[in-house]
Amino acid sequence: MKTWTDLTSEARHMGVLIGDKEFDGTQCGEYDPDTRTAYIDPTMSVEQRVCTLQHELIHARHFDDGLRLLSREKEECLTRKETALALINPVEYMHAEDLYGGEPYAMAQELGITVGVLLDYQRWLHDNLAARAA
């Protein structure tokens, strides 16, 4: 499980600054490529801030890799998937699923992530298994 400290170290290594910015509820963070700054809403829970920072660091990596050429919708979808894969250990996921019978809120709490990230991971699992079955 990645922690805030892990992600701030990753940001430092990438040359990305982290700034506080309160948002109006429509978003939790944003990445500014001009200043190489990931803005995170400081009013959120630790789990929300960890998930948001991971998400914004992936946006930073995509920008560095030239993936901003994708449509905004495709880039956001890819970023959400990569965020879930970066934050969820498959063995810990299976343990949480077994422990809580698949109940998303309890599983997210166990894994230290948001329900949104958990649902993104489950969507990826479903799509991956469906593609293998086809």
Side-chain angles (χ1 to χ4, degrees):
M1 179 182 316
K2 286 187 180 180
T3 66
W4 180 258
T5 302
D6 296 332
L7 291 173
T8 57
S9 293
E10 186 176 326
R12 207 169 20 260
H13 178 70
M14 292 172 66
V16 173
L17 301 172
I18 301 169
D20 289 343
K21 179 178 178 181
E22 287 191 35
F23 293 94
D24 61 5
T26 60
Q27 66 189 85
C28 302
E30 69 183 7
Y31 174 66
D32 180 351
D34 295 330
T35 61
R36 294 195 53 79
T37 303
Y39 291 101
I40 309 299
D41 191 328
T43 64
M44 297 185 300
S45 70
V46 173
E47 293 83 6
Q48 290 170 312
R49 286 185 286 135
V50 165
C51 292
T52 301
L53 181 54
Q54 178 66 74
H55 182 95
E56 298 311 328
L57 291 177
I58 290 171
H59 275 304
R61 196 170 304 120
H62 286 177
F63 187 83
D64 291 345
D65 292 344
L67 291 180
R68 278 286 191 176
L69 301 175
L70 296 172
S71 73
R72 186 135 178 93
E73 184 178 301
K74 285 182 182 179
E75 203 254 343
E76 189 62 25
C77 184
L78 179 62
T79 300
R80 289 176 64 114
K81 178 182 92 170
E82 289 181 25
T83 298
L85 292 173
L87 291 175
I88 298 175
N89 174 301
V91 173
E92 291 174 4
Y93 173 86
M94 288 187 300
H95 175 71
E97 187 175 57
D98 203 34
L99 193 61
Y100 296 106
E103 201 290 313
Y105 182 79
M107 289 176 64
Q109 289 290 304
E110 178 74 19
L111 297 169
I113 57 172
T114 64
V115 172
V117 170
L118 179 80
L119 295 176
D120 289 339
Y121 187 80
Q122 289 177 332
R123 201 169 302 116
W124 172 81
L125 278 176
H126 176 269
D127 293 350
N128 199 27
L129 291 173
R132 288 180 184 210

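- Glu103 places none of its side-chain heavy atoms less than 4.5 Å from the side chain of Gln109.
- Two different hydrophobic clusters hold Phe23 and Val46 under the rule that ILVMFWY side chains link at heavy-atom gaps under 4.5 Å.
- Checked by atom type, the side-chain pair Glu56/Tyr39 shows no donor-acceptor distance below 3.5 Å.
- Note that the CD1 atom of Ile40 and the CG atom of Leu53 stand 5.0 Å from one another [nearest 0.5 Å].
- Among all heavy-atom pairs drawn from Gly19 and Thr37, the shortest one is N-CG2, 3.9 Å.
- Note: Glu30 CD to Asp41 CG = 10.5 Å, rounded to the nearest 0.5 Å.
- Follow the hydrophobic side-chain contacts under 4.5 Å out from Val115 and you never reach Met107; the two are in separate clusters.
- If you check the side chains of Ser9 and Asp6, you find no donor sitting under 3.5 Å from an acceptor.
- Distance check, rounded to the nearest 0.5 Å: NZ of Lys2 to CD of Gln54 gives 4.0 Å.
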Next item on the list: Could you check Lys21 against Gln27 for side-chain contact (heavy atoms from CB on, under 4.5 Å), going step by step and ending with a plain yes or no?
Entry: CA-CA 11 Å; Lys21 179 178 178 181; Gln27 66 189 85; over 6 Å; no

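- No option in His55, Arg80, Glu82 other than Arg80 meets the side chain to side chain contact (heavy atoms under 4.5 Å, CB included) test with Asp120.
- Looking at Ile58 and Tyr31, their side chains never come closer than 4.5 Å, going by heavy atoms from C-beta outward.
- Residues passing the side-chain hydrogen bond (donor to acceptor under 3.5 Å, both in side chains) test with Lys81, sequence neighbours excluded: none.
- Between the side chains of His59 and Glu75, a donor-acceptor pair is found at a separation under 3.5 Å.
- Atom CG of Leu118 is separated from atom CZ of Arg123 by 10.0 Å, given to the nearest 0.5 angstrom.
- Annotation: side chain of Met44 is in contact with side chain of Cys28 (closest heavy-atom distance under 4.5 Å).
- Taken together through direct or relayed side-chain contacts under 4.5 Å among Ile, Leu, Val, Met, Phe, Trp and Tyr, Leu119 and Leu125 form parts of separate hydrophobic clusters.
- In this structure, the separation between CD on Glu10 and CZ on Arg61 is 5.0 Å, given to the nearest 0.5 Å.
- Residues satisfying the side-chain hydrogen bond (donor to acceptor under 3.5 Å, both in side chains) criterion with Arg49, sequence neighbours excluded, are absent altogether.
- Linking ILVMFWY residues whenever their side-chain heavy atoms come closer than 4.5 Å, directly or via other members, leaves Met1 and Val117 in distinct clusters.
- For the pair Val50 and Thr3, the tightest heavy-atom approach, listed with the atom from each and the gap, is CG2-C, 4.2 Å.
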Next item on the list: Given side-chain contact (heavy atoms from CB on, under 4.5 Å), test Leu87 with Tyr121 step by step and report yes or no.
Entry: CA-CA 9 Å; Leu87 291 175; Tyr121 187 80; over 6 Å; no

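- For Thr114 against Cys51, the heavy-atom pair with the smallest separation is N-SG, 3.5 Å.
- Residues Thr35 and Leu17 fail the side-chain proximity criterion, which asks for heavy atoms closer than 4.5 Å.
- The distance from atom CG of Leu78 to atom OG of Ser71, rounded to the nearest 0.5 Å, is 10.5 Å.
- Of all heavy-atom pairs between Met14 and Arg36, the closest is O-NH2, 2.7 Å.
- For the pair Leu57/Val16, a side-chain contact is recorded, criterion being any heavy-atom separation below 4.5 Å from C-beta on.
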